[in-house]
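Counting convention: from 1, in listed order, for ligands and their atoms alike. Since the model is a prediction, treat every value here as computed from it, not as a measurement.
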Amino acid sequence: MLPDIGRLRGGAGRFRGLRLVHTHLRGEALTTDDLSDLALLRLDMVVVVQATDEGGAGAVEAAYLDPALLAGDDDAAPAEPFVHVYAPDARALDLDLVATMNALEDEFDRVIAAARGPADAERVLVIGVRIEDRHFEETLELVRSANVIIAGSLRQRRKHVHPRTIVGRGKLQEIILEGMRRSADVAIFDVDLKPAQARAFEDATGMKAIDRTQLILDIFAQRAHSRDGKLQVELAQLRYSLPRLTDQDAGLSRLTGGIGGRGPGETVMEIGRRRIRDRIRRLEKQVAQLSKQRNLRRQQRQRQGVPVLSIVGYTNAGKSTLLNALTSSDIEASSRLFMTLDPTSRRLRFPQEGEVIITDTVGFISELPPDLVEAFRATLEELEHASLLLHVADASDPHVDDKIDVVNELLTELDLGDVPTLCVLNKADAVDPEELQALVARHQAVAVSALRREGLERLISVAEARLSAR
Ligand SMILES: Nc1nc2c(ncn2[C@@H]2O[C@H](COP(=O)(O)OP(=O)(O)OP(=O)(O)O)[C@@H](O)[C@H]2O)c(=O)[nH]1
Ligand SMILES: [Mg+2]
C-alpha cells in the first residue's frame, strides 16, 4: 500500500521527486499496476528488482514517463508514454537518474509551453460521465461560453458515477496523461460532484475539478453586470462553495485576515466558514432589500395599468434577438449560452392596447442547479406579475420539444404555471416549412424569425388578442 503523498511538488511540468523501488519475488516484469502508479502519482520512476533464488538482487526493470512521447500528435500519440530500461543485474543498471530527471522536467516544460501556445487563458479538459450525447454536447457549449480554452475532452459513459473518484481507475490514468499531454489545469465535468469526490479527483490528478453547477455559476458571474445580478450570483457561489471549502482554502489570508478574528478554540477552518456564512447573511439582506425596491417599481407600473410581456425560454432560443427586433434595441445577443443575465425592459406600442412593457430574462437550461433557481427566484418572481409570457423556443433545434418541456417544468416549479403563455417558435428561417407547420400546430404557436424580422406583426396581433382576452 502506497502512503498518501498529497500534492507534494504537484505543479504542472514537475515530477514528484519520488522513486518507487520494489522487489518482485516471482520474476514478474513491471505490471500495469506499477505503470498506473507511475502515472497516477506522477512518480519520477518505478523500479522493480527481481529477487534471485539465493535472495540477492537480480535483474532490474525501470520505467519512467517521457513527456516527448506524451506530446505526440493527437491520435498518433502512444497509449502508454513510458520508457523502459532494463539491466540483467542491479549493479549493471547504467542510468544517471538525476540528469535524466532534470532533462525530463525540461522537456516537460517545453511540451507544456508548446501545448499552451501564447495565450495564458485557462486550459480545460471536459470530462463527460453521463451517457447521453446531448448532455455532453450541451456541456461543451457551456464550456465554450465560459471563455476558456478547451484543451481536450474525454468521455466515460457510466450508469453510475464512481462514488469516490467519479471515473474508474483506468480512466483516471487516461485523464492524467491527457491532462499532461494537453497541458490542462482544470477538468470540467458534465455532472455535479460531491465535495469529497472533487477533492479525491484533485488529489489524484493535480487538476482542479469543476462541476456543472460551478461552470454555470462561473458563466453567470462573467455575465452579471447589474448590482442585483452580481449579488445573486455571489450568493449562489458562496452557498455552493461553503460545504466544498477545504482546510487549504480556509487557510487563505483572504478569509482569515484581520485582527481578533479567531475566538477561543476555533480552527482556521471554522473562521473561513463563519466569514462565508456572515457574508451570505449580508448578501441575503441586500437581495431582499433590492427585491422590495423592485416590488415598489412594479406596483407603480401596475397602477399605471401598463401590461407587461415577459420573454422566457431555453438559453440561446433567441429571446434577446426577439426583444431587439420588436423594439429596435441592441441588447447583446450571441450564440453563447446564458448571454443575458440581467432582466431588461423596453417599452413598445401595440396598435390597440397602446403602451406595453416587454422584458427579457435569463435563459433556462435542463437541470438548472437548485442554488441558481433559488438565487434568481427574486428576479423570476417578476414573471408572476406578467400579463403574458412569451415562451420563445428555437424551432431549428432538433430537441426543441424537449426544451419546451424543460422550460414548462421550470415555470411550474417557479409557480408560474398559471400565467398566460404564448409559445413563439423562433428561427423559422432555419427550419423546413413542413416541419415548422407541424411544430406550430403541436404547440399552438406563432412562428417568427427574429433575426430576419419576419412574423413579428402576426406575433403582435396574437399577443394583443391574448392580452385583451384577459
Ligand atoms: N437563424 C436564426 N438565428 C437566430 C434567430 N434569432 C436569434 N438567432 C441566433 O441565435 C443566437 C442566440 O440569440 P440570443 O438572442 O442571444 O438568444 P437568447 O435566448 O437571448 O440567449 P441567452 O440570453 O443566452 O439565454 C444568436 O446567435 C442569434 O443570432 C433567428 O430568427 N434565426
Ligand atoms: Mg439573451
Side-chain angles (χ1 to χ4, degrees), residues 137-147 215-226 228-229 232-233 309-346 358-369 372-373 375-376 379-380 382-383 389-400 402-404 406-408 410-411 414 421-433 435-436 439-440 443 445-460:
E137 276 149 27
E138 187 166 84
T139 304
L140 284 175
E141 273 314 308
L142 284 169
V143 176
R144 277 185 207 112
S145 303
N147 288 323
L215 170 62
I216 296 178
L217 281 169
D218 192 80
I219 299 174
F220 275 38
Q222 290 180 31
R223 302 283 196 272
H225 299 301
S226 72
D228 215 358
Q232 293 176 61
V233 175
L309 280 74
S310 288
I311 303 181
V312 295
Y314 211 85
T315 183
N316 211 39
K319 300 177 295 296
S320 302
T321 311
L322 180 65
L323 181 64
N324 287 341
L326 287 169
T327 63
S328 307
S329 313
D330 53 359
I331 296 171
E332 204 170 350
S334 122
S335 60
R336 288 168 182 256
L337 305 191
F338 294 118
M339 200 55 211
T340 312
L341 195 62
D342 300 316
T344 315
S345 298
R346 293 282 184 274
I358 181 159
T359 316
D360 185 17
T361 51
V362 58
F364 292 172
I365 193 164
S366 68
E367 296 160 59
L368 191 64
L372 273 179
V373 178
F376 281 85
T379 308
L380 296 169
E382 290 267 297
L383 300 175
L389 298 182
L390 297 179
H391 175 169
V392 177
D394 176 354
S396 72
D397 186 324
H399 307 295
V400 57
D402 291 335
K403 290 187 173 175
I404 289 177
V406 166
V407 172
N408 284 334
L410 272 166
L411 286 175
L414 290 161
T421 303
L422 172 60
C423 181
V424 181
L425 286 167
N426 187 31
K427 311 197 188 180
D429 56 284
V431 205
D432 167 71
E435 221 170 283
L436 185 65
L439 274 175
V440 165
H443 298 287
V446 180
V448 301
S449 166
L451 200 63
R452 295 195 189 166
R453 305 188 172 214
E454 285 163 7
L456 299 183
E457 271 169 35
R458 182 163 150 68
L459 171 61
I460 287 175

*Inspect the contact between K403 and D394 and indicate whether a charged nitrogen and a carboxylate oxygen are less than 4.0 angstrom apart.*
no
*Between P369 and I216, which heavy-atom pair has the shortest distance, and what is it?*
CD-CD1, 4.0 Å
_Would D360 count as a polar contact of ligand 1, with the cut-off being nitrogen or oxygen pairs under 3.5 Å?_
no
*Taking the side chain as C-beta and beyond, is there a heavy-atom pair between L322 and N426 under 4.5 Å?*
no
*Quick check: does A333 get an N/O under 3.5 Å from an N/O on ligand 1?*
no
*Flag S320 as yes if one of its N/O/S atoms falls below 2.8 Å of the Mg ion (ligand 2), otherwise no.*
yes
*Do side-chain atoms of S334 reach the backbone of R336 as a donor and acceptor pair under 3.5 angstrom?*
yes
*Atoms of ligand 1 close to T315 [distance to a heavy atom under 4.0 angstrom, numbered from 1]*: 22 (P), 24 (O), 25 (O)
*Taking C-beta and beyond as the side chain, do I219 and L337 meet within less than 4.5 Å on heavy atoms?*
no
_Flag side-chain contact, heavy atom, 4.5 Å: Q222 against N147_ = yes
*Identity and separation of the nearest protein heavy atom to atom 1 (N) of ligand 1*: D429 OD2, 2.9 Å
*Determine the sole option in D360, I358, T359, V446 for which the side chain to side chain contact (heavy atoms under 4.5 Å, CB included) test with L390 is passed.*
I358
*Have a look at ligand 1 and work out which part of S334, if any, has a heavy atom under 4.0 Å from it: side chain, backbone, both or neither.*
backbone
*Nearest-contact summary for atom 15 (O) of ligand 1 - protein heavy atom, Å*: T321 OG1, 2.5 Å
_Under 4.0 Å to a heavy atom of S320 - the qualifying atoms of ligand 1, by number_ = 15 (O), 18 (P), 20 (O)
*Okay, side chain of D342, backbone of S226: is any donor-acceptor separation there less than 3.5 Å?*
yes
*Taking C423 as the fixed residue, which of L439, N408, V440, I404 is the one that meets the side chain to side chain contact (heavy atoms under 4.5 Å, CB included) rule?*
I404
_Within 6.0 Å of CG in D330, more than 12 heavy atoms from elsewhere_ = no
*Under 4.0 Å from any heavy atom of F338, which atoms of ligand 1 are there?*
24 (O)
*Closest non-hydrogen protein atom to atom 6 (N) of ligand 1, residue and atom name please, with distance?*
N426 ND2, 3.1 Å
*Going by heavy atoms in the side chains, are I365 and L142 under 4.5 Å from each other?*
yes
*asked:* Side chain or backbone, does E332 bring an N or O within less than 3.5 Å of an N or O on ligand 1?
replied: no
_Looking only at distances, can you tell me whether any N or O atom of G318, backbone or side chain, sits closer than 3.5 Å to an N or O atom of ligand 1?_
yes
*Answer yes or no: are there more than 12 heavy-atom neighbours, outside E332 itself, under 6.0 Å from its atom CD?*
no
_Counting only nitrogen or oxygen atoms and a 3.5 angstrom limit, does V448 reach ligand 1?_
no
*What residue and heavy atom of the protein are closest to atom 11 (C) of ligand 1, and at what distance?*
N316 OD1, 3.5 Å
_For G363, the ligand 1 atoms whose distance to one of its heavy atoms is below 4.0 Å_ = 25 (O)
*asked:* So, 2.8 Å as the limit: is an N/O/S atom of T340 located closer than that to the Mg ion (ligand 2)?
replied: yes
*Sub-3.5 Å N/O-N/O distance, L337 and ligand 1*: no
*Select the closest option to atom 5 (C) of ligand 1 among K427, R223, R453, judged by heavy-atom distance.*
K427
*Heavy-atom distance to atom 3 (N) of ligand 1: which of I311, L451, T361 wins?*
L451
*Roughly how far apart are L323 CG and S328 OG, rounded to 0.5 Å?*
10.0 Å
*Report, in ascending order of atom number, the atoms of ligand 1 lying under 4.0 Å from any heavy atom of S335.*
26 (C), 27 (O)
_Looking only at distances, can you tell me whether any N or O atom of M339, backbone or side chain, sits closer than 3.5 Å to an N or O atom of ligand 1?_
yes
*So is A317 close enough to ligand 1, meaning a heavy atom under 4.0 angstrom away?*
yes
*With F338 as reference, evaluate Y314, F364, F220 under the ring-ring contact (aromatic ring centres under 6.0 Å, His included) test and give the passing residue.*
F220
*Examine the proximity of ligand 1 to R336 and report which part, side chain or backbone, both or neither, has a heavy atom under 4.0 Å away.*
backbone
*May I ask you to identify the nearest protein heavy atom to atom 18 (P) of ligand 1, giving residue, atom name and distance to one decimal place in Å?*
K319 N, 3.4 Å
_Pairs of nitrogen or oxygen atoms closer than 3.5 Å, one from R452 and one from ligand 1: do any exist?_
no
*Side-chain contact test, heavy atoms from C-beta onward, threshold under 4.5 Å: evaluate it for V407 versus L410 and give yes or no.*
no
